[in-house]
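What follows is one structure encoded as structure tokens, with my remarks underneath.
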Amino acid sequence: MAEFPVIDRKKCNGCGLCLTVCKCRGLFINGKTIDIVTTVECNYCTRCEVICPTGAISCPYEIIIEK
Ligand code: SF4
Ligand code: SF4
């Protein structure tokens, strides 16, 4: 299953900057905040996380330790 960034809608101000950097077109404005289309393939490039001025998007990584 594809991974998607996590959005904190309370922090999102709807500026739309993340839309301008997302190559997968996986982000869209839903009312006044951003939302994610889960049918597209997000390549987890983290551009949306980097450009967001309010810290509303994060791309957490799961760290798996192999023994
Ligand atoms: S860049 Fe951040 S604040 Fe702006 S629309 Fe995207 S998630 Fe919201
Ligand atoms: S991580 Fe990259 S591809 Fe995925 S939603 Fe953000 S900008 Fe788009």
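All ligand and atom numbering here is 1-based and tracks the order in the structure. What's counted below: heavy atoms across the whole structure, side chains too, no hydrogens, waters or symmetry copies.
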*Where is the nearest protein heavy atom to atom 2 (Fe) of ligand 2: which residue, which atom, and how far?*
Cys45 SG, 2.3 Å
*asked:* Using a 4.0 Å cutoff against the non-hydrogen atoms of Ile57, which atoms of ligand 1 qualify?
replied: 7 (S)
_Exactly one of Cys45, Ser58, Cys48 should register a side chain to side chain contact (heavy atoms under 4.5 Å, CB included) with Pro5. Which one does?_
Cys48
*asked:* Rounded to the nearest 0.5 Å, what separates atom CG in Asn30 from atom NZ in Lys32?
replied: 12.5 Å
*Tell me, please, which residues at least two apart from Asn43 pass side-chain hydrogen bond (donor to acceptor under 3.5 Å, both in side chains).*
none
*Treating Ile, Leu, Val, Met, Phe, Trp and Tyr as nodes and any side-chain heavy-atom pair under 4.5 angstrom as an edge, say whether Ile29 and Phe4 lie in one connected cluster.*
yes
_Proximal atoms of ligand 2 relative to Asn43 (non-hydrogen, under 4.0 Å)_ = 2 (Fe), 3 (S)
*Which of the atoms of ligand 2 are close to Cys22, meaning less than 4.0 Å from one of its heavy atoms?*
3 (S), 5 (S), 7 (S), 8 (Fe)
Closest non-hydrogen atom pair between [X] and [Y], with its separation:
| X | Y | result |
| --- | --- | --- |
| Ile34 | Arg9 | O-NE, 3.6 Å |
| Val37 | Val40 | O-CG2, 3.4 Å |
| Ile57 | Glu49 | O-CG, 3.3 Å |

_Please give the remaining members of the hydrophobic cluster of Val50, linking ILVMFWY side chains under 4.5 Å, ordered by chain and number._
none
_pair Leu27-Ile36: side-chain heavy atoms closer than 4.5 Å_ = yes
*So which of Gly26, Cys24, Cys42 gets nearest to atom 4 (Fe) of ligand 2, if we judge by its closest heavy atom?*
Cys42
*Can you tell which part of Tyr44 has a heavy atom less than 4.0 Å from ligand 2: side chain, backbone, both or neither?*
backbone
*Could you see which bit of Thr46 sits under 4.0 Å from ligand 2, with heavy atoms only: side chain, backbone, both or neither?*
backbone
*Please list, in chain and residue-number order, the protein N/O/S atoms closer than 2.8 Å to atom 4 (Fe) of ligand 1.*
Cys15 SG
*Is it true that Ile51 lies under 4.0 Å from ligand 1, counting heavy atoms only?*
no
*Verify the distance test for Cys48 against atom 6 (Fe) of ligand 2: any N/O/S atom under 2.8 Å, yes or no.*
yes
Compile the donor-acceptor pairs under 3.5 Å between side chains in residues 12-22 and protein atoms, sequence neighbours left out, one pair per line.
| unit_1 | atom_1 | unit_2 | atom_2 | d |
| --- | --- | --- | --- | --- |
| Asn13 | OD1 | Cys15 | N | 3.0 |
| Thr20 | OG1 | Leu17 | O | 2.6 |

